[in-house]
Novice: 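Input: one structure, supplied below.
All heavy atoms count here, side chains included; hydrogens, waters and symmetry mates do not. Proteins get letters first, then strands, A, B, ... in listed order; numbering begins at 1 in each.
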Amino acid sequence: MKYWLMKSEPSVYGIDDLARDGVTGWEGVRNYQARNFMRDDMQLGDLALFYHSNANPPGVAGIMRVVREAYPDDTAEDEKSPYFDAKWVAAGKPNRWVRVDLELVEKFAQEVSLQALRADTKLAGLMVTRKGCRLSIQPVEKRHFLRICKLGQTCL
DNA sequence: GCCAACGTTGGC
DNA sequence: GCCAACGTTGGC
């Protein structure tokens, strides 16, 4: 069992959208490193922190679980999608992007802000607290994951 | 809106 | 293969 952090802008898709949907396909990841984590390392049952980026304030809003392992992200081949991989498709190359399906486990009673993550000495070294870190899917150490759950006042 | 970080693209 | 230009991410 592995632990992850996954970013999404709440103005695009936030935790309340996931609460409404129950399960969602994590589409639109267009970065090789993030894709490789999904494709190679993410397994059924893994838990992930739902991180709100570009938010006021940015922070962790809850917990998700992987309910389907990596499969093709067909938004890359959909010209109507904002995630359409136009140049790649025009070149006749096969779809290179994948997504996983996630279900909501719990929305935190209290969102844990980036500021709070940085202020917690037990979270030293957490990737998302590093200045300028743009990776949208990140592995998280178990002890860090559990600590963040505690800060979010969940019973997990 | 600004800007730092950093990934991608394309000329050579 | 180098590297400058450009585009995107994301905090502030």
Novice: Which residue pairs pass the salt bridge (charged side-chain N to carboxylate O under 4.0 Å, His left out) test when at least one of the two sits in residues 28-49 of chain A, sequence neighbours left out?
Specialist: A:R30-A:D73
Novice: Just do the side-chain contact (heavy atoms from CB on, under 4.5 Å) check on A:Q43 and A:E69 with the steps written out, would you?
Specialist: CA-CA 6 Å; A:Q43 294 180 300; A:E69 294 180 5; 3.8 Å; yes
Novice: For DNA chain B, which nucleotides open and close the run of contacts to chain A, 5' to 3', at under 4.0 angstrom from a non-hydrogen atom?
Specialist: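 Both ends considered, the range comes out as B:dA4 to B:dG10.
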Novice: Return the orientation label for the A:Y3 and A:F145 ring planes: parallel under 30°, perpendicular over 60°, tilted otherwise.
Specialist: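 The arrangement is tilted - the two ring planes meet at 30° to 60°.
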Novice: Does A:K87 or A:C133 map to a spot on DNA chain B nearer the 5' end, using the closest nucleotide for each?
Specialist: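 Of the two residues, A:C133 wins.
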Novice: Which residue pairs pass the salt bridge (charged side-chain N to carboxylate O under 4.0 Å, His left out) test when at least one of the two sits in residues 11-27 of chain A, sequence neighbours left out?
Specialist: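 Listed once each, the pairs are A:D16-A:K107, A:D17-A:R20, A:E27-A:R99.
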Novice: What are the two closest non-hydrogen atoms of A:G28 and A:T75, and how far apart are they?
Specialist: N-OG1, 4.3 Å
Novice: Which part of the nucleic acid does A:R130 contact within heavy-atom distance under 4.0 Å: base, sugar-phosphate only, or nothing?
Specialist: sugar-phosphate
